[in-house]
Amino acid sequence: MTALEQSMLNMVNEERAKQGLSALQVDPTVQKVARLKAQDMVNNNYFAHESPTYGDIGSMLSRYGVSYRSAGENIAKNANVEKAHVALMNSAGHKANILGKGYTHVGIGIVTDANGYVTLAQVFVGK
């Protein structure tokens, strides 16, 4: 993981620990999917859960052979990872993914664009 991705993972797992939840483990293939999604949003200048290249997160996970019981995705674009994390935690739906009891693994992809903003994808799976 990059330093930014590790920082985001630490923030996610700190939030989970505060709620008595187990830490999410990084799955290498889910990590690849998250990075592809973040890069795709930057490359193709969009911000949405549905990728014009890959489809939705379920399609992406299936395409790369990830088996799962449950899956979720958070996307964000902000000045830095700390601000992105605060914004995600202030959104009920995104917070629910971060604190999802059914999730066991995660992948985090972060791309810094030409303007210095971070675009990120958090992909959560329960195995």
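Residues take their numbers from the sequence shown, with the count starting at 1. Model, not experiment: these values are computed from the prediction. Heavy atoms only: backbone and side chains are in, while hydrogens, waters and symmetry mates are out.
At a threshold of 4.5 Å between side-chain heavy atoms, the hydrophobic network of Ile, Leu, Val, Met, Phe, Trp and Tyr places V33 and V125 in one connected group. Cluster annotation: V123 is connected to Y64 through the hydrophobic network of ILVMFWY side chains, with a link wherever side-chain heavy atoms come within less than 4.5 Å. When hydrophobic clusters are built by joining Ile, Leu, Val, Met, Phe, Trp and Tyr residues whose side-chain heavy atoms come closer than 4.5 Å, directly or via intermediates, V111 is not grouped with V81. Cluster membership for V106 and Y103, using ILVMFWY side-chain heavy atoms within less than 4.5 angstrom, is shared. The cluster map of Ile, Leu, Val, Met, Phe, Trp and Tyr, joined by side-chain heavy atoms under 4.5 Å apart, puts Y54 and V42 in different clusters.
No donor-acceptor pair closer than 3.5 Å links the side chain of N115 to the backbone N or O of Y117. In this structure a side-chain-to-backbone donor-acceptor pair under 3.5 Å is present from Q31 to I108. N80 contributes no side-chain N or O that, together with a main-chain N or O of V118, makes up a donor-acceptor pair within less than 3.5 Å. No donor-acceptor pair under 3.5 Å is formed between the side chain of T29 and the backbone N or O of V66. Checked by atom type and distance alone, the side chain of K32 never pairs as donor or acceptor with a backbone atom of G107 at under 3.5 Å. No donor-acceptor distance shorter than 3.5 angstrom exists from the side chain of S7 to the backbone of A3, with no hydrogens or angles considered.
The shortest side-chain heavy-atom distance between L120 and L4 does not fall under the 4.5 Å cut-off. When side chains are defined from C-beta on, S22 counts as touching R16, because their heavy atoms get closer than 4.5 Å. Between L24 and N13, some side-chain heavy-atom pair lies under the 4.5 Å cut-off. Side chains of L21 and K101 form a contact here, defined as non-hydrogen atoms less than 4.5 Å apart. Side-chain contact between L9 and M1 is present, with heavy atoms from C-beta onward closer than 4.5 Å. Contact of the S70 side chain with the F124 side chain is not registered, since no non-hydrogen atoms from C-beta on lie closer than 4.5 Å. Considering only heavy atoms from C-beta on, E15 comes within 4.5 Å of L99 through its side chain.
Dense packing is recorded around CG of N90, with more than 12 heavy atoms of other residues, nucleotides or ligands lying under 6.0 Å away. Remark: K95 NZ is loosely packed, at most 12 non-hydrogen atoms of other residues, nucleotides or ligands lying under 6.0 Å away.
Considering all non-hydrogen atoms of both residues, A34 and G109 come closest at CB-N, 3.4 Å. Q122 approaches V12 most closely through the heavy-atom pair NE2-CG2, 3.5 Å. In terms of heavy-atom proximity, T119 sits nearest to A38 at O-CB, 3.8 Å.
To the nearest 0.5 Å, atoms CE (M11) and CD1 (I98) are separated by 9.5 Å. For the atom pair T2 OG1 and I110 CD1, the distance stands at 5.5 Å (nearest 0.5 Å). Atoms NE2 and CG, from H94 and L88 in turn, are 5.5 Å apart once rounded to the nearest 0.5 Å. Between the CD1 atom of I57 and the OH atom of Y68 there is a distance of 8.5 Å, given to the nearest 0.5 Å. Distance check: E5 CD to M8 CE gives 10.0 Å after rounding to the nearest 0.5 Å. Interatomic distance, M60 CE to K37 NZ, rounded to the nearest 0.5 Å: 7.0 Å.
A donor-acceptor contact closer than 3.5 angstrom is absent between the side chains of N10 and E14.
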